[in-house]
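Contents: one structure, followed by commentary.
Hydrogens, waters and symmetry mates are skipped; everything else that's a heavy atom, side chains included, is used. Residue numbering restarts at 1 for every chain, and letters A, B, ... go by the order of the sequence lines.
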Protein chains: 2
Amino acid sequence: MRQETIENYLKTIYNLSSNNTAIVSNSQIAIQLELNPATVTEGLRKLHELKYVIYEKSYGTRLTTQGAKLALDIVRRHRIWETYLVKELGFGWDEVHAIAEELEHVNNTKLINKLASILGNPIYDPHGDPIPDEKGKIKKSNFIKLSEGLVKGNYTIMGVTDHSSAFLRYLEKNALIIGAKLFVKSIEEFDQSLSIVCQKKELIISSKVAECIIVQSND
Amino acid sequence: MRQETIENYLKTIYNLSSNNTAIVSNSQIAIQLELNPATVTEGLRKLHELKYVIYEKSYGTRLTTQGAKLALDIVRRHRIWETYLVKELGFGWDEVHAIAEELEHVNNTKLINKLASILGNPIYDPHGDPIPDEKGKIKKSNFIKLSEGLVKGNYTIMGVTDHSSAFLRYLEKNALIIGAKLFVKSIEEFDQSLSIVCQKKELIISSKVAECIIVQSND
DNA sequence: TTAAATATTTTGGTATGCCAAATTTAATAA
DNA sequence: TTATTAAATTTGGCATACCAAAATATTTAA
Ligand SMILES: [Mn+2]
Ligand SMILES: [Mn+2]
Ligand SMILES: [Mn+2]
Ligand SMILES: [Mn+2]
């Protein structure tokens with residue numbers, strides 16, 4: 001298998017398994033990688049052969065120790081590059097994901113560690129995602145999705161789960177950036193939309209948006 | 001054809017044609033890309049179809065305007081990255097070529113122009129090779145190979161044509177770095193080895209080494 | 001506990017990128 | 001000008017990465 005193919009599978013499996021705890025289904029992977037399910041079945045069989053994953057037919061897939069190690073390395077490269085592009089090269093947080101998708105495959109430990117060092121070995125990337133250290137160790141957090149919070153609460157935005165330009169520009173337009181504080185006034189029963197206050201301005205956000213915002217409770 | 005394959009062919013053809021003037025043979029390309037000649041014949045037929053090259057069977061290949069444009073873009077990316085790695089990230093001139101071979105395929109104009117801008121839009125890379133500007137324009141020079149110079153002359157080292165770590169470390173060990181001044185005392189008739197003085201130290205270099213050093217005459 | 005819906009796998013097939021061996025073409029030396 | 005040598009091309013084949021459609025298996029809803 002081509003190295004880039006392996007890397008894209010492992011990264012995807014890692015991301016879909018939420019910190020490598022859950023088992024991942026073929027269809028999830030197929031959607032994420034925009035591949036035909038038949039292709040994914042084949043791919044997983046090969047990754048199993050290569051001992052990167054445990055793939056149990058018609059049940060699901062999880063990473064082996066070896067697979068998780070490589071996955072965490074790709075995730076590290078991706079997030080370090082995103083941070084470098086934003087902090088050192090002046091890109092917007094809505095532009096960097098696509099570039100990092102390519103840069104992540106350049107495998108040079110010295111390069112990544114040098115970038116990390118220039119950045120002061122950051123623990124979070126521009127979207128609030130944790131950056132694994134050189135050994136693959138990752139900072140645990142007790143953050144939640146805004147959609148999972150209680151009504152009437154104070155929160156700080158810690159990250160996002162959608163990295164599309166469209167979503168990030170929408171957030172920016174409404175001052176919903178990382179570090180911003182917000183207060184949830186109420187949740188509409190009909191559609192679970194949230195009425196929130198942020199920077200003294202009141203606004204309504206859909207449940208779909210609230211699902212993509214990661215927050216820390218301040219209460 | 002895969003974009004990376006196209007790019008590697010075009011860059012190679014550009015480099016072998018010395019500034020896109022000469023016609024390039026299949027065997028040269030095969031050696032450079034470490035491919036079987038049969039593969040190169042196929043590759044060139046496809047690149048001709050795609051209008052990147054004019055490939056005349058059993059005669060030779062040259063770039064079209066479109067092909068030269070893309071080739072110069074790859075060369076620019078490669079040399080900007082090499083310069084950035086040396087000047088901003090602290091790599092040695094003997095380490096950067098291999099990394100740039102991967103980074104050159106990341107296609108993002110804004111990124112390359114940003115790196116170039118941080119570097120002050122350099123005209124030469126760490127090996128003395130000229131960096132095309134955004135439009136593909138390249139600084140012409142009247143530099144020569146040290147092996148082509150006259151006996152008893154003063155020269156300044158302007159570049160190298162071999163980018164291997166082994167060669168570059170050999171040069172560094174002997175203070176034969178870019179900008180260094182040297183004096184050619186004599187050329188041995190038997191093997192064309194050169195007796196030179198550099199930094200007050202005398203040393204003998206083989207004709208093979210002299211062929212890989214680009215100089216400007218100071219006389 | 002079945003039928004319907006959904007997910008997965010198998011099968012058959014395409015496109016790309018490569019190579020080894022055989023053949024043809026071109027260049028060089030006698 | 002002919003051998004001889006070298007370069008290029010053709011042919012037949014292999015491996016990888018995909019997909020569409022058909023066949024199975026699993027899950028979910030009756
Ligand atoms: Mn990727
Ligand atoms: Mn990110
Ligand atoms: Mn390359
Ligand atoms: Mn260079």
Side-chain angles (χ1 to χ4, degrees), chain A residues 1-18 22-63 67 70-71 74 101-102 104-107, chain B residues 1-18 22-64 67 70-71 74 101-102 104-105 107:
Chain A
M1 268 178 119
R2 279 180 55 212
Q3 187 62 19
E4 201 177 314
T5 309
I6 294 174
E7 293 183 356
N8 283 332
Y9 270 96
L10 297 187
K11 185 185 62 161
T12 300
I13 294 164
Y14 177 84
N15 285 329
L16 288 171
S17 69
S18 28
I23 267 167
V24 180
S25 73
N26 290 24
S27 50
Q28 286 177 292
I29 298 169
I31 290 164
Q32 191 67 33
L33 291 176
E34 300 183 82
L35 292 175
N36 186 295
T39 306
V40 172
T41 300
E42 280 178 55
L44 293 174
R45 207 168 15 80
K46 286 180 212 152
L47 289 169
H48 185 107
E49 288 262 307
L50 294 168
K51 303 206 194 299
Y52 284 120
V53 305
I54 312 287
Y55 157 61
E56 292 181 71
K57 225 161 113 169
S58 284
Y59 167 67
T61 301
R62 62 184 196 280
L63 297 171
L70 183 44
I74 311 305
E101 283 290 321
E102 296 189 58
E104 72 189 4
H105 300 292
V106 174
N107 182 6
Chain B
M1 270 177 117
R2 279 182 57 210
Q3 187 62 19
E4 201 177 315
T5 309
I6 293 174
E7 293 183 356
N8 283 333
Y9 269 96
L10 297 187
K11 184 185 64 162
T12 300
I13 294 165
Y14 177 84
N15 285 331
L16 289 172
S17 68
S18 30
I23 263 150
V24 181
S25 74
N26 290 23
S27 50
Q28 285 178 291
I29 299 169
I31 289 163
Q32 191 66 35
L33 292 176
E34 301 182 83
L35 292 175
N36 187 293
T39 307
V40 172
T41 300
E42 280 179 55
L44 292 175
R45 205 164 22 75
K46 285 181 213 153
L47 289 169
H48 185 107
E49 288 261 307
L50 295 168
K51 302 208 194 300
Y52 283 120
V53 305
I54 312 288
Y55 157 61
E56 293 181 71
K57 228 162 115 170
S58 284
Y59 168 65
T61 301
R62 64 184 195 281
L63 297 171
T64 60
L70 183 44
I74 311 304
E101 283 291 321
E102 296 190 58
E104 72 189 4
H105 299 292
N107 183 5

Whole-Å gap separating P (C:dC18) and CG (B:Leu33): 9 Å

Write down the distance between CD (A:Glu49) and P (D:dT16), rounded to a whole number of angstrom. 11 Å

Give me the atom names and distance for the closest heavy-atom approach of A:Tyr9 to A:Val40. OH-CA, 3.7 Å

Give the rounded distance in Å between these two atoms: CG of B:Asn26 and C1' of C:dT24. 14 Å

What heavy-atom pair brings A:Ala71 and A:Leu63 nearest, and what distance separates the two atoms? CB-CD1, 3.9 Å

Just how large is the angle between the end axes of the helix from C:dT1-D:dA30 to C:dA30-D:dT1, five pairs per end, to 10 degrees? 10°

Please tell me which of the listed nucleotides, C:dT10, D:dT9, D:dA17, lies nearest to the side chain of A:Thr41? C:dT10

Provide, to the nearest angstrom, the distance between the CD atom belonging to B:Glu4 and the P atom belonging to C:dG17. 11 Å

Looking at A:Val106 and B:Glu102, what are the two nearest heavy atoms and their distance? CA-OE1, 3.6 Å

OP1 or OP2 of D:dA8 less than 4.0 angstrom from a side-chain nitrogen or oxygen of B:Ser27, does that happen here? yes

Round to a whole Å and report the spacing from CZ of B:Arg45 to P of D:dA8. 16 Å

Got a sec, which residues hit side-chain hydrogen bond (donor to acceptor under 3.5 Å, both in side chains) with A:Thr39, two or more places apart in sequence or on another chain? none

Between A:Gly60 and A:Ile23 the two heavy atoms that sit nearest each other are CA-CG2, 3.6 Å

Length of the line joining B:Glu56:CD and C:dA26:C1', which is rounded to integer Å: 15 Å

In whole angstroms, how far is the C1' atom of C:dT9 from the NE2 atom of A:His48? 16 Å

Heavy-atom closest pair, residues A:Val24 and A:Ser17: CG2-CB, 3.6 Å

I need the B:Ile13 CD1 to B:Leu44 CG distance, nearest 0.5 Å. 5.5 Å

With B for base contact, S for sugar-phosphate-only contact and - for none (protein heavy atoms under 4.0 Å), nucleotides 18-29 of chain D reads BBB-----S---

Whole-Å gap separating P (C:dT16) and CD1 (B:Ile6): 11 Å

Would you say the side-chain atoms of B:Gln32 and B:Gln28 include a donor-acceptor pair closer than 3.5 Å? no

Atom of A:His105, atom of A:Glu101 and distance for their closest heavy-atom approach: CD2-O, 3.1 Å

